[in-house]
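My questions all concern the structure below.
Numbered from 1 within each chain, the chains take letters A, B, ... in sequence-line order. Just so it is clear, the structure is predicted and the values come from calculations on it, not from any experiment.
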Amino acid sequence: MSNKYNPAEIEPKWQQIWAEQQLYKAVEDPERPKWYALTMLPYPSGDLHTGHWYAYTPSDAGARFRRMNGYNVLFPIGFDAFGLPAENAAIKHGAHPAQWTFANIEQMRAQLGRMGAMWAWEHEAVSCDPEYYKWSQWFFRKFYDAGIAYREYAPVDFCPTCNTTLAREQVWGDDRHCERCGTPVIKKNLEQWKFRITRYADELVEMLDQIEWPERVKVMQTNWIGRSIGAEVAFHTEQGEPLVIFTTRPDTLWGATFMVLAPEHPLVNAITSTEQRAAVEAYKEQAARMDEIQRGAVDKEKTGVFTGGYAINPVNNERIPIWIADYVMMGYGTGAIMAVPAHDARDFAFAQKFGLEIRRVITGPDGAAGPLTEAYDAKDAGEMVNSGPFDGTPVEDAVSKVTAWLEANELGRGAVNYRLRDWLISRQRMWGAPIPMIYCANCGVVPVPYEDLPVLLPDDAEFRPTGESPLKYHEGFRWVKCPQCGGDAERETDTLDTFMCSSWYQYAYLSPYWKAGQPLKADDMPWEKTVGDYWLPVDQYTGGIEHATMHLLYTRFFTKVMRDLGLVDFDEPMLRLFNQGMILGPDGEKMSKSRGNVINPDEVVDRYGADTVRGYLMFIGPWDQGGPWDPQAIEGVYRFLQRVWVVVVEAMQVVQPQGKPARTPSPDQLRALERKLHQTILKVTDDMQDFRFNTAIAALMELNNYLYKVRETDVVNSAIWHSALRDLLLMMAPIFPHIADELWHRQGNTSSIHLQRWPAGDPEKAREAEITVVVQINGKVRDRLVVAPGAAKADLEGAALQLSSVTKWLEGRAPRRVIVVPDKLVNIVAD
RNA sequence: GCCGAAGUGGCGGAACAGGCAGACGCGCACGACUCAAAAUCGUGAGGGGAAACCCGUGUGGGUUCGAUUCCCACCUUCGGCACCA
């Protein structure tokens, strides 16, 4: 046994012992409170990078801390193993994606093992395993039966590089690029499977109040769902056909001076006059050619044409012209708007360009009712004018009053619209769970029977360099008998979005590959119920913010559907969420091979050990902030561990110099040590609760510096010294699990440190013996008083005024006022 | 344009129910050990000034005995959304 700190020796040793003792096996125990700690599962790229370490090791420290505080902790890991990189590798190397994927998983298991995390490996689940995706398909089938899954022919986003359609959530940025590969997406008209997430839009917004998630994630989801409350109002065409519009400002109905339809609006044909037909057709064609990116450009000049048709405004029976323009989208609301140029910036720009009337119906905050030079859209000041029965109504009440009036007169009704679109889950890729659907010439769309699941991926797929899905060309896969009529039929060759596989993985972990090899039924449960009843829902989730409007929205939706299917009895899958920041290269930029600023965690672990890497990552700064990797700063954590080693190992040895009797330390020394210890326990306990690892480590360093300094004094001949060493190790255990267990055993303990209870801090023992009180004159520090804590205000004031420095500064002036904050300061105010 | 987060030493950061700005660490300087270096240990430092002191938490105002912390207006950076009616 070496007497020097040698992580390369002790870390593999402890990892092996922990595994042999099944130290992290999670077993239901009704006697103890449970804690389901979950971290976002990795994609098995084959290489665990620093980002994974930054995501996982603090998450592990948090889980370990809970465990030491009496919780029965489940901290599982698995692999989100379907996806395009495996398919691309298959095209490149000619190997099956499964081969590539499982080889990578093997490699990553070893890398994950080096972290020294308390992974509950027996709960591992791999989403590309047929026994896993059997259940993904089962969920699809359940969703289909429940009317949540449906098929639709519509314009969809398509990534030309990934060769597949994408969900709206996977299209990012103002250039509308693919979230995975960065290529700008194009629009295609395709028949695709979707999930009715919009049915849950309201609940997805409302229930954000019930979960402890970072505010910014809640805001992003709220904005993404984009609920707007207003009214639908029935206008009519001159010919009498109803023309329904959605507006958030029904109070401006009297200011509508024209209407605008989306070019694709079904009514356009009917209302277009003979004279305008050619212009309308030309505009429609032009709009159709343009994709949404071009149409959506905000600064684009407004375009549009008059249809020749007119509509009747139901509130005043006015006849107003109907235009078409591409700034109105068919996909939102009813695809038609009433234009109120006076109170909407877009309508204002349009009216100005085409010389249409701008009629003011809301006064300015000062009562101004004259012509406008720009749209006035404030909703908190002004009152209605030129609005018939509503003149004089303050805007604050206007929307609700007009909406009620519309309903009473059957002209419209209150309505809500969402920006959220249904979740497109079809992917034209091979390496995903096949959508379990069959198309039969006789029976139409036929779902694969539950007992026939899984629909297996072929293991002899042929990958084409064109990037097309091999399933389309795999005769054995594609052609089937119809489950209903037995006739020739065709399989769906699209696969499920991998986000669907990860939407329920926290449930899959409970009892991985549940009912493996058994036929499934409609009323099955995808996990062992008693296990789920104990662990669910997830208590603490950690992961990156990049999933704010993708995975984190989808898994909430999934859980709500599962609740409605009777699978779970709660509304939200994850009660608490923490988003870690991003670890950057030493140059402060995102790590990337092309930049050459990648830190390879394996190399750093070889050099310093996993404990140092863990501790350094947690020491950099607040976990949600991320930050640059500093190759020099990591030395500080390494030195800290070496100094802990020295303090603890030296204490094991005989410290009494020969011939000198052991001397008793003074009570002051002992109290000072005890105070430092309990201050540290209180501080570290508090910090660990909230993942403030950086300040927790700083406090541990302070304590160790203190112990290091006094280790050659008489305090070592005391019980408090030994309990300080013991508590230091206990507090280090979640962050530095290996060195903590090693030194713990060297102290003579026989069971693992990770089975011990977290030390209890005593505020009484942490209290300072004396406190420095600052003496200020006019807010500037001029002197200090050292007093016992809790000194009376009057005494502090008196003592301060006695100070020679104070009388000097006052130069004979009488204090006008003296502010005393006990234990803090005395501030003397003088003219 | 709208929404959100953040600006503190040479660097990462600490301290905000308003009360000694810069904990902890990196780097730096000096010293000890060494023939020397590395490692280790010790000491030191926000800037200016010989000192007394003065100035300092993005900028400018404000509230207060007192503001990194609260309020107002800007500037910069990052993230999200964007003709959503």
**Asked** Base, sugar-phosphate alone, or nothing: which one does A:R421 contact when heavy atoms must sit under 4.0 Å apart?
**Response**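 If one applies the 4.0 Å heavy-atom cut-off, A:R421 turns out to touch a base.
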**Item:** Working for side chain to side chain contact (heavy atoms under 4.5 Å, CB included), residues A:D347 and A:Y327
**Value:** CA-CA 10 Å; A:D347 298 344; A:Y327 81 92; 2.7 Å; yes
**Request:** Report which part of the nucleic acid A:D347 touches: base, sugar-phosphate, or nothing (heavy-atom distance under 4.0 Å, all strands).
**Result:**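 Here A:D347 touches no strand at all.
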**Item:** Pairing partner (Watson-Crick or G-U wobble, both distances under 3.5 angstrom) of B:A67
**Value:**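 When the pairing criteria are applied, nothing turns out to pair with B:A67, so the answer is none.
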**Asked** Is the distance from OP1 or OP2 of B:C26 to the nearest side-chain N or O of A:R639 less than 4.0 Å?
**Response**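 Yes, A:R639 has a side-chain N/O under 4.0 Å of OP1/OP2 on B:C26.
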**Asked** Using a cut-off of 4.0 Å on non-hydrogen atoms, how would the nucleic acid contact of A:V774 be classed: base, sugar-phosphate, or nothing?
**Response**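 Contact class for A:V774: base.
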**Prompt:** Hey, is the side chain of A:N694 poking within less than 4.0 Å of OP1 or OP2 on B:A14, counting only N and O atoms?
**Reply:**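 The answer is yes; a side-chain N or O of A:N694 sits under 4.0 Å from OP1 or OP2.
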**Asked** Which part of the nucleic acid, if any, lies within reach of A:R816 when heavy atoms closer than 4.0 Å are counted: base, sugar-phosphate only, or nothing?
**Response**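 Touches nothing.
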**Asked** Is A:K4 near enough to B:U40 that one of its side-chain N or O atoms lies under 4.0 angstrom from OP1 or OP2?
**Response**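 Answer no for this pair, as no side-chain N or O of A:K4 is under 4.0 Å from OP1 or OP2.
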**Message:** Whether A:E702 and A:K683 form a salt bridge (side-chain N of Lys/Arg under 4.0 Å from carboxylate O of Asp/Glu) is what I want to check.
**Reply:**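 A:E702 and A:K683: not salt-bridged.
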**Prompt:** Can you check whether A:T549 has a side-chain N or O nearer than 4.0 Å to OP1 or OP2 of B:G80?
**Reply:**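 Answer no for this pair, as no side-chain N or O of A:T549 is under 4.0 Å from OP1 or OP2.
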**Message:** What's A:A633 touching, base or sugar-phosphate or nothing? Going by heavy atoms closer than 4.0 Å.
**Reply:**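 If one applies the 4.0 Å heavy-atom cut-off, A:A633 turns out to touch the sugar-phosphate alone, with no base involved.
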**Request:** Could you let me know what B:U40 is paired to, Watson-Crick or G-U wobble, both distances under 3.5 Å, or none if it's on its own?
**Result:**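 When the pairing criteria are applied, B:A32 turns out to be the nucleotide that pairs with B:U40.
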**Message:** What's the gap between B:C74 and B:A21 when it is taken at their P atoms, as a whole Å value?
**Reply:**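 One P to the other, the span is 31 Å.
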**Asked** OP1, OP2 of B:C3 versus side-chain N and O of A:R216: anything below 4.0 Å?
**Response**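 So the side-chain polar atoms of A:R216 never come under 4.0 Å of the phosphate oxygens OP1 or OP2 of B:C3.
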**Request:** Could you please name the partner base of B:G12, counting Watson-Crick and G-U wobble pairs only when both distances are under 3.5 Å?
**Result:**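 Base-paired to B:C24.
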**Message:** Between A:R419 and A:F246, which residue's closest nucleotide on RNA chain B lies nearer the 5′ terminus?
**Reply:**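 So the residue in question is A:R419.
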**Prompt:** With a non-hydrogen cut-off below 4.0 angstrom, is A:Q625 in contact with a base, only sugar-phosphate, or nothing?
**Reply:**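 If one applies the 4.0 Å heavy-atom cut-off, A:Q625 turns out to touch the sugar-phosphate alone, with no base involved.
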**Listed nucleotide nearest any side-chain atom of A:Y708, set B:A82, B:C54, B:G42** =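 Among B:A82, B:C54, B:G42, the one nearest the side chain of A:Y708 is B:G42.
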**Request:** May I ask which nucleotide in the shown strands pairs with B:C81, Watson-Crick or G-U wobble, both distances under 3.5 Å?
**Result:**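 Result: B:G1.
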**Request:** Can you figure out which of B:C24, B:C65, B:A85 approaches the side chain of A:S228 most closely?
**Result:**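 Closest nucleotide among those given: B:A85.
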**Prompt:** Contact class for A:I620 vs. all strands (heavy atom < 4.0 Å): base, sugar-phosphate, or nothing?
**Reply:**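 Sugar-phosphate only.
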**Prompt:** Just checking, is any N or O donor in the side chain of A:Q679 or A:E768 under 3.5 Å from an acceptor N or O on the other one?
**Reply:**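 Yes.
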**Asked** So what does A:Y638 hit on the nucleic acid, given a heavy-atom distance under 4.0 Å: a base, only sugar-phosphate, or nothing?
**Response**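 No contact at all - A:Y638 keeps every heavy atom at 4.0 Å or more from the nucleic acid.
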**Asked** Quick one: do the A:D587 and A:N597 side chains pair a donor with an acceptor below 3.5 Å?
**Response**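 Short answer, yes.
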**Item:** Under-4.0 Å side-chain N/O to phosphate OP1/OP2 contact, A:N704 with B:C24
**Value:**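 The answer is no; no side-chain N or O of A:N704 sits under 4.0 Å from OP1 or OP2.
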**Asked** How is A:R692 classified with respect to the nucleic acid when contacts are heavy atoms under 4.0 Å: base, sugar-phosphate, or nothing?
**Response**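 The answer is nothing, as A:R692 stays clear of every strand by at least 4.0 Å.
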**Prompt:** Do you see a donor-acceptor pair shorter than 3.5 Å between the side chains of A:Y554 and A:E169?
**Reply:**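 On atom types as modelled, these side chains qualify, holding a pair under 3.5 Å.
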